[in-house]
Protein chains: 2
Amino acid sequence: MTDPLPAPAPVPPPSPQERALALLWGGDTRGSRGPARGLTRERIVEAAIEVVERDGPAAMSLRRVAAQLGVGVASLYTYVPGRAELEALMLDAVAVGPTLPHEWPGDWRAKLTALAHDDWRQLRRHPWVLELGAAEQVPGPNMLRWLDSALRVFDGTGLGEAEKLAAIEAVDAYVRGLGRLRGAGESAAEAAGREGTDADTGADTDTRERDDALGRLVDFDRYPALRRALAAGATPYAGAPFEFGLQRLLDGIEQLVIRRSA
Amino acid sequence: MTDPLPAPAPVPPPSPQERALALLWGGDTRGSRGPARGLTRERIVEAAIEVVERDGPAAMSLRRVAAQLGVGVASLYTYVPGRAELEALMLDAVAVGPTLPHEWPGDWRAKLTALAHDDWRQLRRHPWVLELGAAEQVPGPNMLRWLDSALRVFDGTGLGEAEKLAAIEAVDAYVRGLGRLRGAGESAAEAAGREGTDADTGADTDTRERDDALGRLVDFDRYPALRRALAAGATPYAGAPFEFGLQRLLDGIEQLVIRRSA
DNA sequence: GTTAACTCCGAACGGTATACTGAGTTACGA
DNA sequence: TCGTAACTCAGTATACCGTTCGGAGTTAAC
């Protein structure tokens with residue numbers, strides 16, 4: 001009762017994470033036969049982004065993407081293994097602005113400030129990344145290019161390598177976290193309306209409406225400290241002004257830089 | 001052709017946001033007739049949380065929640081208007097730990113550190129809040145109770161009301177943002193295994209696996225700064241150590257406190 | 001006792017992602 | 001040159017999803 005045939009392939013099943021990685025990092029392994037392809041991965045990602053920006057993240061579906069391209073749903077599967085992987089591609093596509101942090105003028109603090117602002121602007125322009133990217137961040141080429149550039153912002157400071165990385169991710173975490181507290185961000189129309197003004201409006205109309213409804217329902221006498229803050233004009237859960245927390249964080253990093261260069 | 005009857009009810013249609021708010025803040029307006037109710041809203045929320053923690057956020061569905069409770073799907077709609085509102089209830093249910101920040105010992109910095117740690121622990125224990133709460137944060141009773149308590153942490157410092165609020169939200173944003181960069185957090189089994197140890201493991205098994213796959217695919221010569229960081233032992237996109245960014249942020253807030261009390 | 005309000009739920013509707021199958025198209029290898 | 005293998009594409013099928021509808025049973029108010 002020998003068993004001459006070992007298990008044919010003890011290869012672990014490719015996890016969705018690994019599939020997304022392989023997809024993001026190229027590795028095109030298709031032959032050359034068959035009819036010419038009518039689409040490209042880039043066109044699909046582009047169409048998907050159009051759909052999600054027009055109809056919102058909840059309405060994003062492969063069917064709509066296919067319709068946008070004038071193609072059957074099943075056709076997409078020859079270019080992209082599934083929805084999750086498409087989302088990873090979309091995220092990487094909008095991950096980075098046109099220029100890179102280390103190329104910007106000024107010292108590290110100026111660059112880091114600009115980095116945060118750029119991140120913030122990107123997030124407000126594409127609010128859906130917060131809803132789409134919930135699953136997990138699979139690092140793609142754009143993200144790594146950005147991260148590499150961001151690390152170089154700290155060239156010349158005495159910070160350790162791990163500290164540089166941690167500082168970048170702290171700023172990134174703050175920006176993204178605040179974007180989430182603030183809610184979905186402004187509409188595309190809004191963004192187009194004041195393109196580039198970069199204003200830090202304390203609260204938009206939606207949050208104002210919600211606060212009104214909240215004020216009608218809640219007895220704020222039960223929350224004295226909150227009541228005081230409200231009376232002073234602060235607007236909770238609208239997201240605090242972006243700049244405040246950023247400057248505090250940068251102050252803290254600056255303290256460390258000074259300590260390290262001493 | 002007079003028109004003696006004005007439009008009967010110019011009441012605007014209740015938005016989903018307002019429905020969720022009304023739901024979170026009580027306002028039970030049901031009559032007393034009809035058969036006794038077999039369920040409660042609390043039981044439903046509890047069951048939903050069980051489902052999401054067992055099967056993951058993607059598998060959360062009203063049908064599963066109903067099955068978990070041994071009732072038909074449609075029955076849920078007598079207690080909860082829809083899925084969005086149920087999610088709001090779930091989020092508020094796990095929003096706050098057993099004790100409140102202002103009751104903890106120490107000065108404001110000690111309390112704020114504990115607040116961040118508590119927030120972090122809560123996030124790692126219920127990672128799904130990051131995926132569920134994507135839509136929008138509708139503040140419920142627990143959240144406001146927590147926020148009120150958090151504001152009182154700054155009692156005695158010279159900070160302005162808006163500054164207090166902004167500081168709280170900055171810390172909160174940092175913690176949640178880092179939770180997202182890190183990925184979904186640890187499994188329930190993990191959490192149970194080292195209950196309360198609060199260790200800051202740099203990277204878990206999942207991220208290690210992903211990094212291996214990444215290393216195989218990516219030519220890091222194209223990312224010199226990143227390569228240096230990696231060589232120094234840093235692990236990108238695994239989330240930097242939680243403590244680093246937190247202490248930098250707290251340092252920055254401390255500077256402001258000192259300035260304000262001068 | 002009648003009735004109106006209420007709970008519960010099976011069934012159905014329109015939507016989703018994905019798998020499967022088959023037909024049509026292309027280019028390599030003999 | 002031409003058969004055939006490899007490939008693209010789409011229609012159909014499956015298995016879910018949230019939500020609605022209508023009916024049957026139950027209770028309190030009148």
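The chains referred to below are lettered A, B, ... by the order of the sequence lines, with proteins before strands, and numbering in each begins at 1.
The shortest distance between side-chain heavy atoms of Asp172(B) and Leu115(B) does not fall below 4.5 Å.
We find that CZ of Arg33(B) is positioned 7 Å from P of dC6(C), with the value rounded to whole Å. Atoms CG (Leu76(B)) and P (dG10(C)) sit 12 Å apart, rounded to a whole Å. What separates CG of Leu69(A) from C1' of dC9(D) is a distance of 14 Å, to the nearest Å. To the nearest angstrom, C1' of dT8(D) lies 16 Å from CZ of Arg41(A).
Minimum atom distance to the side chain of Tyr79(B) is reached by dT7(C), of the listed dT16(C), dT7(C), dA5(C). Checked against dC9(C), dA17(C), dA10(D), the side chain of Ala74(A) finds its nearest nucleotide in dA10(D). In this structure, the nucleotide among dA28(D), dT19(D), dC8(C) sitting nearest to the side chain of Leu62(B) is dT19(D).
Salt-bridge formation is detected for the pair Glu87(A)/Arg83(A): a Lys NZ or Arg NE/NH1/NH2 atom is positioned less than 4.0 Å from an Asp or Glu carboxylate oxygen. A salt bridge links Arg121(B) with Asp118(B); the closest basic N to acidic carboxylate O contact falls under 4.0 Å. Using a 4.0 Å cut-off between a side-chain N of Lys or Arg and a carboxylate O of Asp or Glu, Asp148(B) and Arg145(B) do not qualify as a salt bridge.
With hydrogens and angles ignored, no donor-acceptor pair closer than 3.5 Å exists between the side chain of Arg63(A) and the base of dG15(C).
Note on Tyr77(A): a side-chain N or O is less than 4.0 Å away from OP1 or OP2 of dT18(C). Using a 4.0 Å cut-off, no side-chain N or O of Ser75(A) falls inside it from OP1 or OP2 of dT8(D). Here Arg37(B) reaches the OP1 or OP2 of dT7(C): one of its side-chain N or O atoms lies under 4.0 Å away. Taking only side-chain nitrogens and oxygens, Arg83(B) comes nearer than 4.0 Å to OP1 or OP2 of dG18(D).
The residue among Ala36(B) and Met60(B) whose nearest nucleotide of DNA chain D is located toward the 5' end is Met60(B). Ranked by how close their nearest DNA chain D nucleotide is to the 5' end, Gly72(A) and Gly82(B) are led by Gly72(A). Place Pro81(A) and Arg64(A) on DNA chain C by their nearest nucleotides, and Arg64(A) ends up nearer the 5' end.
Contacts of Val71(A) with the nucleic acid, taken as non-hydrogen atoms under 4.0 Å apart, involve only primed sugar atoms and P, OP1 or OP2.
Ring geometry, Tyr174(B) versus Phe242(B): the interplanar angle falls under 30°, so the pair is classed parallel (tilted spans 30 to 60°).
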